[in-house]
Every structure is written in structure tokens, then in C-alpha cells.
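To start, the structure itself, in C-alpha cells.
Bear in mind that the values here come from a model prediction, so they are computed numbers and not experimental data. Each chain gets a letter, A, B and so on, in the order its sequence line appears, and its residues count up from 1.
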Protein chains: 2
Amino acid sequence: MVTKRQATIADVARRAGVSTATAGRVLGGYGYSSGEKRDLVLKAAEDLGYRPNQLARSLITGRTRTIGFVAGDIQSPFFAKILRGVSDVLEPKGFGLLITNSDETVEGEMESIRLLSEKQVDGVILSPCDVEEAAHLRKLVQTTPMVLIDRQVADLDVDSVGVDSVAAAEACVRRLIAEGHRRIGMVAELQFGPWTDIESFVRMVRTNPDGIGAIYPSWQRFMGYVRAHDACDLPLDLSLIARVNSYSTEDTKATVLRLLGHPDGPSVLFTADGLMTEGTMMAIFERGLRIPDDISLVAFDDLDWMSFIGPGIDSIGQPRRKMGEAAARMLIERIGGFDGPPRREKLPVRDNRRGSVCVLATGRD
Amino acid sequence: MVTKRQATIADVARRAGVSTATAGRVLGGYGYSSGEKRDLVLKAAEDLGYRPNQLARSLITGRTRTIGFVAGDIQSPFFAKILRGVSDVLEPKGFGLLITNSDETVEGEMESIRLLSEKQVDGVILSPCDVEEAAHLRKLVQTTPMVLIDRQVADLDVDSVGVDSVAAAEACVRRLIAEGHRRIGMVAELQFGPWTDIESFVRMVRTNPDGIGAIYPSWQRFMGYVRAHDACDLPLDLSLIARVNSYSTEDTKATVLRLLGHPDGPSVLFTADGLMTEGTMMAIFERGLRIPDDISLVAFDDLDWMSFIGPGIDSIGQPRRKMGEAAARMLIERIGGFDGPPRREKLPVRDNRRGSVCVLATGRD
DNA sequence: TTGCGATGTGAGAACGTTACCACATGTTCT
DNA sequence: AGAACATGTGGTAACGTTCTCACATCGCAA
């Protein structure tokens with residue numbers, strides 16, 4: 001492995017017979033330069049195969065043209081698609097993209113942020129893993145522009161991108177009720193959150209919804225579920241909630257199997273996100289149930305395979321790529337100096353109907 | 001947005017009453033330092049919230065502790081999973097990960113490499129989009145360690161990670177033949193490659209296999225398909241090859257639909273990668289065919305949903321995460337100074353049997 | 001002619017680290 | 001006792017850019 005030394009501005013300047021200042025101006029595209037010297041410098045740079053060293057440039061300009069992305073887990077299709085949107089906006093503008101995983105732990109997130117800020121990124125896009133404990137985020141925003149994605153954090157006034165989970169879930173469950181479903185199961189990981197018991201959360205939703213601060217998307221979707229029941233005067237039956245203990249498909253599958261085993265089980269399942277949906281599919285497959293004949297299904301978050309298995313799965317599709325693009329665009333505006341108030345962008349969801357919901361009744365009774 | 005100035009080593013040194021050299025030694029963990037001064041410096045650093053500026057450090061040490069990853073398309077599960085493996089190895093060692101997409105074009109790849117090398121990455125993991133045109137890669141390896149993933153490049157002697165696609169495909173097709181299938185369809189994007197007509201490629205495989213240089217995985221899998229036929233004395237029928245014109249699900253679907261429309265069609269389909277499999281599934285779904293009753297299916301590359309749709313889909317699973325880990329490990333060894341001959345690591349594949357192949361006959365005839 | 005802005009050039013400082021050297025101490029081995 | 005060596009410290013030169021000057025020259029209006 002040969003390690004040839006890269007040519008520097010000084011090398012180019014020497015070869016072109018000009019000062020490093022002049023060579024710098026030509027190659028960096030700033031300040032004045034005459035056509036004559038310009039050609040000399042460009043020729044010399046070409047000959048030497050000169051490549052600017054962004055490190056040195058960044059050190060003095062104070063901007064790296066690199067942004068950081070802290071994902072929960074990059075291998076999940078949710079983050080992967082967002083990432084693609086981010087990089088689509090960044091690449092044409094010459095920005096680099098540094099990624100890390102938080103693995104949904106605060107420690108991982110802090111470590112990620114430490115790494116990114118030591119590398120002097122110009123901005124950070126992050127999906128916070130804790131909606132309350134955010135001292136480290138509060139510290140970060142003092143020095144670096146930040147955009148939150150998917151989730152928000154209490155008392156952290158920064159730009160964010162997401163969807164209106166409460167409204168989308170409510171609309172979805174209302175539709176199920178309208179189509180005659182009375183026993184609607186919900187599959188969600190509701191372990192970590194502001195409430196340890198669901199009853200008191202439901203009470204809060206009914207009595208003082210404004211008092212609910214920043215909560216995870218899963219809780220928001222559950223909130224929509226509750227609201228739809230209340231709006232349609234359908235009594236809540238919390239035994240229909242498959243409350244998954246950990247964020248894993250195995251646990252989800254086990255919990256859903258238990259729910260399906262009940263004598264007076266649900267006629268339809270509403271899953272709160274992609275991973276819940278996968279675990280639910282496993283449980284349905286294992287019990288040999290057919291969709292929608294034996295059980296109906298609607299999923300929050302659309303996944304590739306939902307359109308090509310028979311029948312297709314109904315889903316609420318989040319515009320993941322667009323979310324990434326919006327986050328990147330907002331961040332670049334901030335980096336460019338935009339200093340307006342925090343923007344909370346809510347993107348519209350897509351209502352995918354493919355035939356996984358059995359219509360038990362139509363019209364209004 | 002407040003922009004507080006970060007504390008520097010000079011600030012810490014002043015506050016601790018020592019020289020910048022001493023402060024640097026303590027904070028950088030190199031050279032000597034007494035316990036007394038150490039405590040002073042650490043206290044001062046703590047007070048000021050000192051964070052080392054990796055830019056300045058990298059400029060003088062010549063190493064950034066950042067590596068670059070050039071993927072075809074990060075949003076595809078193939079690359080997303082690999083990426084996860086890479087970052088799992090990198091993160092504990094304190095390396096950053098800079099990602100770019102080539103979108104499978106040489107221009108995109110060159111642009112990616114330009115960006116990465118200007119940012120002075122210590123090494124690059126790359127899935128080359130062209131197995132022949134590689135002048136830019138040859139130039140890169142002169143200055144930067146590189147590991148190829150999934151594909152190899154002719155005359156480029158660097159470390160690489162992948163699977164033995166030829167052998168895996170051959171074993172898979174042999175099994176189909178053993179189970180009684182005689183008309184085996186293959187779905188693959190074989191547009192770009194060394195051969196424009198398939199006949200001459202087949203001739204080459206039969207007469208001079210060693211003369212075939214570096215080829216894309218799709219071609220390798222097709223090669224395995226040919227070899228299995230030859231080994232089992234099953235005549236090749238090239239009308240069974242769904243040769244997709246572009247790397248898109250829509251095109252794949254259309255091509256497969258055409259194949260399925262033929263009077264004497266295949267009894268089983270063998271797909272060359274994840275995207276081909278998705279397009280094929282769409283075609284099968286559109287025609288209302290049932291797996292495996294109406295048509296059997298085996299896929300190269302395992303996808304999440306294959307295990308939980310009924311019936312499961314048989315697949316050849318690549319250890320994607322392990323591939324990423326291996327690539328990262330090899331790269332770090334090179335960065336650490338390892339200077340042995342290029343290693344071509346072939347990881348074993350997984351043979352997933354789930355019931356998507358109809359057994360037409362057993363035993364050997 | 002003088003004044004003045006636009007254009008062009010080079011010397012040298014600056015960015016925040018680590019590398020290198022000189023110069024102190026001790027401590028241990030001949 | 002003197003040499004050799006590990007330990008500890010500070011000054012200052014790197015690293016490769018851009019930034020800030022000072023200082024030209026030119027054209028043009030007053």
C-alpha cells in the first residue's frame with residue numbers, strides 16, 4: 001500500500017510561480033484573481049492532481065459541510081428510507097453525512113452526540129430516544145442547529161418533522177368502527193413513557209389532553225385509538241391492548257398470540273409501527289389465521305411487502321423519504337443562518353387500502 | 001440560536017496554570033504528565049466543558065478516525081443491514097461513518113469518492129458499480145485503504161467480502177432439479193455486464209470459465225444456474241430467463257408477467273436478488289397465482305417478510321450484517337498498518353426452507 | 001492633477017491541535 | 001562520582017487551509 005503525499009496549495013503555488021494566497025484564491029474561488037494567473041494555477045493544480053484538504057479548510061472557516069444523523073437503528077426500513085431522503089438533499093449541496101445509532105438508549109445517544117460534535121458537524125438530525133431526559137440535547141442546541149425527526153422532546157424548541165399520529169390513528173380506528181368492527185385490538189410497545197398504567201393515561205386523555213406533554217409516537221397512536229372510541233361511543237376494553245414489553249418482534253409475537261388466544265378476542269388488529277406489524281404477522285402466521293377472513297389488520301407505517309402479498313395489507317403510510325428531505329432542508333436553512341421560530345412540520349400520511357380489513361357493516365346506524 | 005465559542009486547549013491550560021503542551025498531553029493522553037498537573041488540567045477542562053476539536057487533531061496526526069461507505073442505495077435492506085454491521089464494529093472503536101450513495105452510476109461513485117477523500121477519511125468500504133471501469137478506484141487505493149463489498153473489480157487487488165454466488169446458486173438449482181423441476185425460470189437483471197448476448201456467455205461458462213473475469217453477482221448466479229443444468233444434464237432453455245432491462249421492480253414485474261404468460265412456462269422461479277424477488281412477487285400476486293400450488297419460488301437474498309407470510313418463501317440468505325462487520329474489521333486492520341496480501345473473504349450463505357417449493361419428485365432417477 | 005474605488009497580488013497571522021526539542025529534575029547503574 | 005536513563009515541563013514549529021492586511025496598479029470622475 002503506497003502512501004503518496006497529497007499535493008497542497010503550497011505545492012501548486014510553487015509550480016505556478018505565484019504566492020500561496022493567490023493559489024488559494026483561485027482554487028478556493030474567493031477574492032480576486034486575474035485570468036492569467038488563474039490559468040497558471042489551474043494548470044499546476046491539474047498537473048499535480050491537487051485535492052483540497054477539507055480538514056484544513058474547515059478548521060479555519062469553522063464549517064465542515066458535514067451533518068450528523070442519529071438514528072435509532074439504521075437497518076430498520078423506517079430510518080433507512082428517511083436517511084435516503086436526507087442524503088438526497090444533502091448530496092447535491094456538497095454536504096457529507098455522518099451517521100450513528102443510538103439503539104434507543106440515552107447513553108448511545110449521548111455517545112453519538114459526543115462523536116458528532118467533536119467532529120464539528122454543522123448540524124444534527126436526530127430521532128430522540130427519550131422525550132423527557134434531554135439535558136444533553138439542550139446543551140447541544142446551544143452550539144449546533146438541530147432538527148428532530150419522528151419524535152419531539154418536552155421543552156426543546158427546535159425544528160421537527162413528523163406526522164400527526166393522533167389524528168391519523170383516530171381516523172383509522174373511526175373507519176374500522178364505521179365498517180362494523182366493535183372489538184378492535186391494538187398492538188403497541190407502551191412500556192416506556194410518561195405513564196406506567198394505561199388507565200391513568202386514558203383518564204388524562206379524556207380530562208386534560210393539553211396537560212399531556214411530549215409523548216412517543218406509540219402513545220400518540222394509542223391516544224388516537226382512545227379518541228376514536230370515545231367519539232363513536234364505543235366503550236374501551238383495555239384487555240384488547242397487546243402491550244408489548246420490549247421493542248422486539250419475538251416479544252410482540254408472544255403478546256399477540258396471547259391476545260388471540262382469548263375467548264372474546266378482537267375482530268381486527270391495529271399495529272402501532274413496522275416492528276409491531278412484523279411481530280403481529282408472525283403470530284397470525286403461526287396460528288394459521290387468514291387475513292381478512294379470520295382476522296382483519298391495519299398497520300401504522302407502510303412496508304414494502306404489504307403491496308405484494310395476497311391480500312395486500314391496509315396501512316397508514318408515512319412519507320419517510322419526504323420526512324428526511326424536509327429535515328435536511330430545514331437544517332440547511334438553519335445552517336445558512338435562518339433564525340426564525342421553531343417549525344413543527346407535520347406531513348400528511350397516506351391511507352393505503354388493500355383488502356386486509358373485513359367489512360362487517362356499512363352505512364351509519 | 002446562541003453560538004457559544006467552544007473552549008480550546010489554550011483556554012484549559014490558562015485556567016489550570018500550565019502550558020498548552022502539558023494540557024495537550026493530559027487531554028490527549030500522550031506523553032508524560034504528573035498526577036498533580038493532571039488533576040489541575042482535568043478540573044479546568046471539566047469546568048470549561050472542554051471538547052477536543054477532532055479537526056485540528058486530524059490535521060496534524062493525518063488520521064481522522066472516520067471511514068467512508070459508498071453504497072448503491074442505502075434505503076435497500078441489503079445495504080442497510082450491511083451498514084449496521086459496519087457501524088457495530090466501528091462505533092466501539094470510536095470511528096465515525098460517512099455514507100454516500102452511488103446510485104449505481106460511475107459518476108455517482110466518483111463524486112462520492114471525491115467527497116470522501118477531500119474529507120480525508122482513513123478508509124473506504126465500497127460496493128463498486130462497475131466491475132471494469134475502475135481507474136478512479138485504482139487511484140484511490142494508492143492513498144487510502146479500501147475494502148470491496150458484494151462485488152469485485154477486475155485487476156484491483158484489495159480486500160473484499162462477499163458470498164460464493166456461483167456455488168450457492170448452483171446448489172439451489174440442483175436442488176430444484178432433484179425435486180423434479182424441469183422448467184426452471186430465472187429472474188435477473190443481466191443487462192449490464194461483459195456480455196450483451198447470453199448465448200456467448202453460456203458458451204464461455206462451458207468452454208473457458210477461467211477466462212471470465214470479474215462479473216456482477218447477478219451474472220454469477222446465472223452462471224450457477226447454467227452449471228446446475230449442465231451437471232444434471234438438463235438442457236438449457238433460454239426462453240425461461242426473465243432478463244430484466246433495468247434495475248426496477250416495475251420492469252421486473254412486467255418481464256415476469258411476460259414469462260408467466262408463455263404457454264410452456266416455468267414450474268419454479270429463481271430470483272437473483274431482493275429487488276427481483278419483489279418484482280416477481282408483484283407479478284405473481286397480479287396473476288393471482290398461489291405459491292407453491294401454481295408456481296414455486298426460491299429467492300437469492302433473504303428478506304424480513306419471507307418468514308411470516310403464508311407459506312414462507314425459500315431463500316438463500318446472505319449474512320449481510322456479518323459481511324459489514326467483516327469489511328469493517330478488515331479495513332481497520334489495514335488502517336492499523338496491516339500490509340499482507342489482499343484477502344477475498346467468502347462468507348457462508350443460509351439455506352432457508354419454508355415451503356415455497358413444490359416437490360414434484362424425490363429420489364434420484 | 002488629485003482622489004478614489006475596483007482589481008489584483010503577496011506576506012504573514014490564524015484556526016486548535018500534536019510533534020519535536022531543549023531543559024530540567026530525579027533515580028539507577030557502573 | 002559520573003554517566004545513562006526515565007520522568008516531567010514549557011516553548012515553538014508544524015499541519016493546510018482561509019483571513020487580514022498592506023500595497024500595488026488601473027481607470028475614471030472631479
Side-chain angles (χ1 to χ4, degrees), chain A residues 3-42 44-45 48-66 94 115 117-122 143, chain B residues 3-42 44-45 48-66 94 115 117-122 143:
Chain A
T3 311
K4 251 200 307 189
R5 203 181 69 88
Q6 273 289 328
T8 72
I9 280 201
D11 298 327
V12 174
R14 203 170 312 118
R15 186 171 232 269
V18 299
S19 70
T20 62
T22 300
R25 274 187 290 259
V26 172
L27 297 168
Y30 54 91
Y32 294 107
S33 54
S34 67
E36 187 198 2
K37 304 253 170 180
R38 246 176 65 83
D39 293 345
L40 276 173
V41 171
L42 290 176
L48 296 173
Y50 170 77
R51 286 280 180 80
N53 183 332
Q54 291 287 358
L55 245 45
R57 176 175 293 173
S58 296
L59 184 59
I60 192 148
T61 60
R63 11 190 63 242
T64 51
R65 288 192 90 74
T66 301
L115 183 87
S117 55
E118 288 189 359
K119 293 205 184 295
Q120 314 291 124
V121 293
D122 289 341
T143 66
Chain B
T3 311
K4 252 199 308 192
R5 204 182 67 90
Q6 273 288 329
T8 72
I9 280 200
D11 297 328
V12 174
R14 204 171 310 120
R15 186 171 232 271
V18 300
S19 70
T20 62
T22 300
R25 275 188 290 260
V26 172
L27 297 168
Y30 54 92
Y32 294 108
S33 55
S34 67
E36 185 198 2
K37 305 254 169 180
R38 246 177 64 82
D39 293 344
L40 276 173
V41 171
L42 290 177
L48 296 172
Y50 170 77
R51 286 279 180 78
N53 183 330
Q54 290 286 359
L55 246 43
R57 177 175 292 173
S58 296
L59 184 58
I60 192 147
T61 59
R63 13 189 64 238
T64 51
R65 287 191 91 73
T66 301
L115 184 87
S117 55
E118 288 189 358
K119 292 203 185 296
Q120 313 292 124
V121 293
D122 289 341
T143 65

| message | If you define the side chain from C-beta out and look only at heavy atoms, does anything of B:Ser58 sit under 4.5 Å from B:Gln120? | response | no
| request: Using a 4.5 Å cut-off on heavy atoms from C-beta on, say whether the side chain of B:Leu42 contacts that of B:Val26. | output: yes
Ignoring backbone atoms, establish whether [X] has a side-chain N or O less than 4.0 Å from OP1 or OP2 of [N].
X       : N      : result
B:Ser58 : D:dC15 : no
A:Thr22 : C:dG10 : yes
B:Tyr32 : D:dT7  : yes
B:Ser33 : D:dG8  : no
A:Ser19 : C:dG10 : yes
B:Tyr30 : C:dA19 : no

| said: Could you work out, with salt bridge (charged side-chain N to carboxylate O under 4.0 Å, His left out) as the rule, every residue matching B:Arg14, not counting sequence neighbours? | reply: B:Asp11
[X] has an atom [atom1]; how far is it from atom [atom2] of [N], in whole Å?
X       : N      : atom1 : atom2 : result
A:Lys37 : C:dG10 : NZ    : C1'   : 9 Å
A:Gln54 : D:dG16 : CD    : C1'   : 12 Å
A:Arg65 : D:dT17 : CZ    : P     : 17 Å
B:Tyr50 : C:dG16 : OH    : C1'   : 8 Å
B:Asn53 : C:dC15 : CG    : P     : 12 Å
B:Ile9  : C:dA19 : CD1   : P     : 11 Å
B:Leu55 : D:dC15 : CG    : C1'   : 12 Å
B:Ile60 : C:dC20 : CD1   : C1'   : 10 Å

Counting side-chain heavy atoms from C-beta on, which of [options] comes nearest to [X]?
X       : options                : value
A:Arg25 : C:dT17, D:dT20, C:dC20 : D:dT20
B:Arg57 : D:dT18, D:dT17, C:dT18 : C:dT18
A:Leu59 : C:dT9, D:dT18, D:dG16  : D:dG16
B:Ser34 : D:dT18, C:dG16, D:dG8  : D:dG8
B:Ala21 : C:dG16, D:dT17, D:dG11 : D:dG11

| Short question: side chain of B:Ser33, backbone of B:Arg38 - any donor-acceptor pair under 3.5 Å? | no
| task | Nearest-nucleotide wise, let me know which of B:Gly31 and A:Gly28 is further upstream toward the 5' end of DNA chain D. | result | B:Gly31
| request: Answer with yes or no whether the side chains of A:Thr66 and A:Lys119 bring together a donor and an acceptor at under 3.5 Å. | output: no
